Amino acid sequence: MGIFMMVTMVMLIAAVALAFYMLREAFADRVMTETFVFPDFPSSFGDVTIFFITDIHRRKVSASIIEHAKGLADIVLIGGDLAEKGVHFSRVEENIKKLKEIAPVYFVWGNNDYELDPHEMDALLLSLGVKILDNTAVKFESAAGDAFALLGVDDLTAGRCQLEYALEDAGNVPFRILACHNPGISSSIEEGSGIRLILSGHTHGGQIRIFNYGPYEKGGLKEAGPVSCFVSNGYGTTLIPLRLGAKAETHLITLKHG
């Protein structure tokens, strides 16, 4: 075998191995544990845990992450891009039914969700008991009468986001969490809004990062002025079912006073 043939074979083997690795990264079933401590989070709630999953796209939610999160989460939050063009509504229904085994489900729209018929999507989610946060808020109250609010806004990129309506819907609840598919919302948060944490996705952590560089930053907690913004790498993929340096993930996010 000549040198050229040997080099070609080595490169081919390396390419196949890399593709297999990227495929495993894309279809990982990870539940990451995060704890966020706030001095103004009402202590009477104790710990509140959110199972956060975003950017499902074409994936089937695996039974393993459902079993992992059962009994640990108080609510489930879908951070947008539950589906995309070409995904059948039966897949959406299947994923929602699985997630409902964990806890009550809340949802915010992502840009790719609008590639399906939004009226049909809306009707399906409502029939399955999902609370859609489209420029609205839901309030949670402890036995002691303290409260916090979960706000959700519609797709930012298409101009459907109306943050002011969600803020108004939250009333006088002082501690607020905002769910928005696109982390770009952080630049619109003003001091005094009461929003302490943003939960987002959309970026896929860059999805494919070369030498740790990608089209977007890797997911994680970012400080954005008066508010903390947590961005997930997401669970699914777009365009190609491959990841590198931004492994698929879901999250158990615990909020506590401290």
Side-chain angles (χ1 to χ4, degrees), residues 18-36 49-66 68-69 72-73 75-84 87 91 95 98-99 102 105-113 115 152-153 155-157 177-187 197-224 227-255:
L18 178 60
F20 181 72
Y21 176 78
M22 293 170 72
L23 195 64
R24 287 188 62 186
E25 292 269 292
F27 287 91
D29 288 309
R30 297 195 301 166
V31 183
M32 311 297 289
T33 301
E34 326 283 347
T35 300
F36 300 141
T49 300
I50 301 169
F51 180 74
F52 182 50
I53 183 170
T54 183
D55 299 282
I56 297 172
H57 290 282
R58 293 178 174 274
R59 285 194 71 177
K60 287 185 179 181
V61 176
S62 80
S64 64
I65 66 169
I66 300 299
H68 186 116
L72 299 178
I75 64 172
V76 172
L77 174 62
I78 303 172
D81 283 2
L82 170 60
E84 62 178 35
V87 175
R91 171 69 57 83
N95 282 337
K98 287 179 180 178
L99 292 169
I102 300 172
V105 178
Y106 298 81
F107 167 80
V108 292
W109 291 90
N111 55 302
N112 290 116
D113 292 313
E115 295 173 2
V153 290
D155 178 35
L156 182 67
T157 54
I177 303 161
L178 173 63
C180 177
H181 178 63
N182 193 322
I185 191 70
S186 60
S187 62
L197 176 66
I198 300 171
L199 298 176
S200 293
H202 182 59
T203 67
H204 298 196
Q207 190 165 314
I208 296 178
R209 308 180 63 82
I210 307 298
F211 300 114
N212 206 32
Y213 290 96
Y216 296 100
E217 290 184 22
K218 197 169 181 179
L221 186 66
K222 321 284 188 215
E223 298 300 327
V227 63
S228 298
C229 182
F230 181 77
V231 184
S232 172
N233 287 340
Y235 187 63
T237 57
T238 190
L239 298 180
I240 54 174
L242 298 173
R243 284 179 177 266
L244 182 65
K247 196 172 184 178
E249 60 187 16
T250 64
H251 310 271
L252 281 169
I253 297 173
T254 298
L255 310 174

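This structure is a prediction, so every number in the text was calculated from the model and none was measured.
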### Task
Decide yes or no for F230 and H251: does some side-chain heavy atom of the first lie under 4.5 Å from some side-chain heavy atom of the second?
yes
### Query
Within a strict 4.5 Å, meaning less than it, do heavy atoms of the D29 and Y235 side chains meet?
yes
### Task
Indicate yes or no: at least one non-hydrogen side-chain atom of T237 is less than 4.5 angstrom from one of F27.
no
### Task
Determine whether F51 and L99 make a side-chain contact, defined as any pair of heavy atoms from C-beta on separated by less than 4.5 Å.
yes
### Query
How about N111 and T157: does a side-chain donor come under 3.5 Å of a side-chain acceptor?
no
### Task
Return yes when atom CZ of R30 has more than 12 non-hydrogen atoms of other residues, nucleotides or ligands closer than 6.0 Å, and no otherwise.
yes
### Query
Which pair of heavy atoms, one from G205 and one from A246, lies closest together, and at what distance?
O-CB, 3.6 Å
### Atom of T203, atom of P183 and distance for their closest heavy-atom approach
CG2-CG, 4.0 Å
## Note on the structure
Per side-chain contact (heavy atoms from CB on, under 4.5 Å), H181 is matched among D113, L156, D55, I78 by D55
### Query
Is there a side-chain contact between Q207 and R243 (heavy atoms, below 4.5 Å)?
yes
### Message
Checking side-chain polar atoms at under 3.5 Å, does H204 have a donor or acceptor matched by the opposite partner on T238?
### Response
no
### Task
Count the heavy atoms of every other residue, nucleotide or ligand shown that sit under 6.0 Å from CZ of F36, and state whether that count exceeds 12.
yes
